[in-house]
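Residues: numbered from 1 along the sequence shown. Just so it is clear, the values below take in all heavy atoms, side chains as well, and ignore hydrogens, waters and symmetry mates.
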Amino acid sequence: MKRQNSKAKTSTEPTLFKPIFLPKEEPKETLIIEGRGKYSIRNSLNNLTGTEWIKFTRSWFEHHPPPRNKKQQEHLHPAKFPEDLIGKFIQYFTKEGMWVLDPFLGTGSTLVACDATRRNGIGTELTEKWANIAANRTQQYVIQGDCRELKNYALPPLDFCISSPPYWDMLHHSRGGSASTQKARIREGFDATFSDDERDMGNVEDYDDFIEMLLQLYKEIFDLMRPGAYCAVVMQNLLKKNQEFYPIAWEFALKMRNFGWQLCQEFLWCQRDKKLGIWGYPNTYISNVHHHYFLIFRKPLPKKKKKSRRKKENNN
């Protein structure tokens with residue numbers, strides 16, 4: 001495992017990050033892989049066959065993560081992400097040996113997925129407690145520091161970014177009157193929020209400030225990505241008391257285009273096995289929110305310069 005503190009080299013110095021996994025040698029001709037299908041040498045995005053590619057592209061999916069591993073202290077984090085789910089996105093949007101970033105690392109799910117898929121991973125985590133757990137779970141790079149300082153870490157060119165930012169201050173509010181998972185965690189003495197650090201975006205009180213901070217972060221990430229690279233951001237909209245609805249995912253997605261990102265499409269992660277609460281009964285409509293948005297963005301490739309008509313005539 002590798003650990004960096006928050007005082008890494010500046011971005012003008014050579015990168016400190018050496019690859020753990022090297023790129024897989026590309027075949028020189030189309031391959032028929034038993035049990036997997038046909039792999040084309042024209043595949044510039046990932047190492048998947050056509051059969052594997054098409055299985056990933058359905059715009060919604062259900063995923064039932066395994067129980068959290070208590071020996072690795074996975075159960076301590078209030079919003080841990082399933083590694084096997086992240087691994088599917090990493091396998092689709094990168095080839096082996098490429099670089100993956102998670103600016104909201106938590107207990108290291110993305111980096112564990114990088115280990116399993118032979119990608120090189122870098123994650124930043126503000127809270128020392130979560131960063132320590134992450135560093136003990138992976139051989140990848142864990143930076144304990146503020147993700148808004150990414151430009152100070154002399155990162156290599158990034159091939160993919162996947163993260164689940166705080167859904168604003170969602171963890172600070174009750175989910176209603178029934179026995180929610182959040183309330184059960186509080187009764188058992190576990191953390192109900194990410195931290196009490198004022199720099200934590202999950203502690204920002206003003207909605208507009210939160211959206212602006214998040215957009216500024218992904219503006220920096222845009223500059224660190226190679227052209228053509230993709231970025232997946234996991235988000236959810238939020239309904240507060242008095243029917244105040246905040247379309248976090250939709251507003252963030254639309255505004256990302258102002259910072260150069262191409263908004264591609266979205267996946268819906270449907271959670272069939274999540275507890276149902278009787279919100280709003282017997283007179284107000286409030287849905288059980290059992291889905292997350294995987295918003296997919298891309299840093300556009302440089303536009304090809306068109307030859308002028310005069311130049312074409314000279315060539316002829």
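Counting only N and O atoms by type, the side chains of D115 and Q140 include a donor and acceptor under 3.5 Å apart. A donor-acceptor contact under 3.5 angstrom links the side chains of D84 and H63, judged on distance only. No side-chain N or O of E220 forms a donor-acceptor pair with one of Q216 less than 3.5 Å apart. A side-chain donor from one of H292 and Q271 sits under 3.5 Å from a side-chain acceptor of the other. Remark: the E251 side chain and the Y207 side chain contain an N/O donor-acceptor pair separated by less than 3.5 Å. There is a side-chain donor-acceptor pair under 3.5 Å between T94 and R119. Between the side chains of Y39 and E26, a donor-acceptor pair is found at a separation under 3.5 Å.
Heavy atoms only, all atoms of each residue included: L295 and A253 are closest at CD1-CB, 4.0 Å. Shown here for S109 and I86, the closest heavy-atom pair between the two residues is CB-CD1, 3.8 Å. Looking at every heavy atom in both residues, M225 comes nearest to Y230 through CE-O, 3.2 Å. Summarising the geometry of M235 relative to Y167, their closest heavy-atom pair is CA-CE2, 3.5 Å, with the distance given to 0.1 Å. Looking at every heavy atom in both residues, P27 comes nearest to I41 through O-CG2, 3.4 Å. Nearest heavy-atom pair across L48 and R36 is CA-NH2, 4.2 Å.
Around the CZ atom of F245, the shell of radius 6.0 Å holds more than 12 heavy atoms that belong to other residues, nucleotides or ligands. Shown here is E244, whose CD atom has more than 12 heavy atoms of other residues, nucleotides or ligands within 6.0 Å. Within 6.0 Å of CD on E29 lie no more than 12 heavy atoms contributed by other residues, nucleotides or ligands.
Taking the six-membered ring for Trp and thresholds of 30 and 60 degrees, W250 and Y293 have ring planes more than 60 degrees apart, a perpendicular arrangement. Between F89 and F56, the two ring planes are perpendicular [angle over 60°; tilted spans 30° to 60°].
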Does the side-chain contact (heavy atoms from CB on, under 4.5 Å) test come out yes or no for L239 and V289, once each step is laid out?
CA-CA 9 Å; L239 181 70; V289 181; over 6 Å; no
Step by step, would you call R137 with E83 a salt bridge (charged side-chain N to carboxylate O under 4.0 Å, His left out)?
CA-CA 12 Å; R137 299 181 64 217; E83 295 82 4; 2.6 Å; yes
Apply the test side-chain hydrogen bond (donor to acceptor under 3.5 Å, both in side chains) to residues Y285 and W279: give CA-CA distance (whole Å), side-chain angles for both, the deciding distance (0.1 Å), then the verdict.
CA-CA 8 Å; Y285 166 68; W279 318 139; over 6 Å; no
Criterion side-chain contact (heavy atoms from CB on, under 4.5 Å) on C147 and L217, from CA distance to verdict:
CA-CA 7 Å; C147 58; L217 167 64; 3.8 Å; yes
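Checked by atom type and distance alone, the side chain of T127 never pairs as donor or acceptor with a backbone atom of W130 at under 3.5 Å. Checked by atom type and distance alone, the side chain of D102 never pairs as donor or acceptor with a backbone atom of S163 at under 3.5 Å. Within the 3.5 Å criterion, the main-chain N or O of Y218 finds a donor-acceptor partner in the side chain of W261. Of the possible donor and acceptor atoms, none in the side chain of E212 sits under 3.5 Å from a partner among the backbone N and O of D209. Not one N or O on the side chain of K299 forms a donor-acceptor pair closer than 3.5 Å with the backbone of A229. Formation of a donor-acceptor pair under 3.5 Å by the R118 side chain with backbone atoms of P23 is not found in this model. For the pair Y141 (side chain) and K18 (backbone), a donor-acceptor distance under 3.5 Å is present. With hydrogens and angles disregarded, a donor-acceptor distance shorter than 3.5 Å links the side chain of T57 to the backbone of I54.
Interatomic distance, N47 CG to W53 CH2, rounded to the nearest 0.5 Å: 11.0 Å. Here I296 contributes atom CD1 and Q265 contributes atom CD; the two are 9.5 Å apart, rounded to the nearest 0.5 Å. Within the model, atoms CG of D159 and CG of N46 stand 12.5 Å from one another, a figure rounded to the nearest 0.5 Å.
A continuous path of Ile, Leu, Val, Met, Phe, Trp and Tyr side chains, each step under 4.5 Å between heavy atoms, connects F259 with L101, placing both in one hydrophobic cluster.
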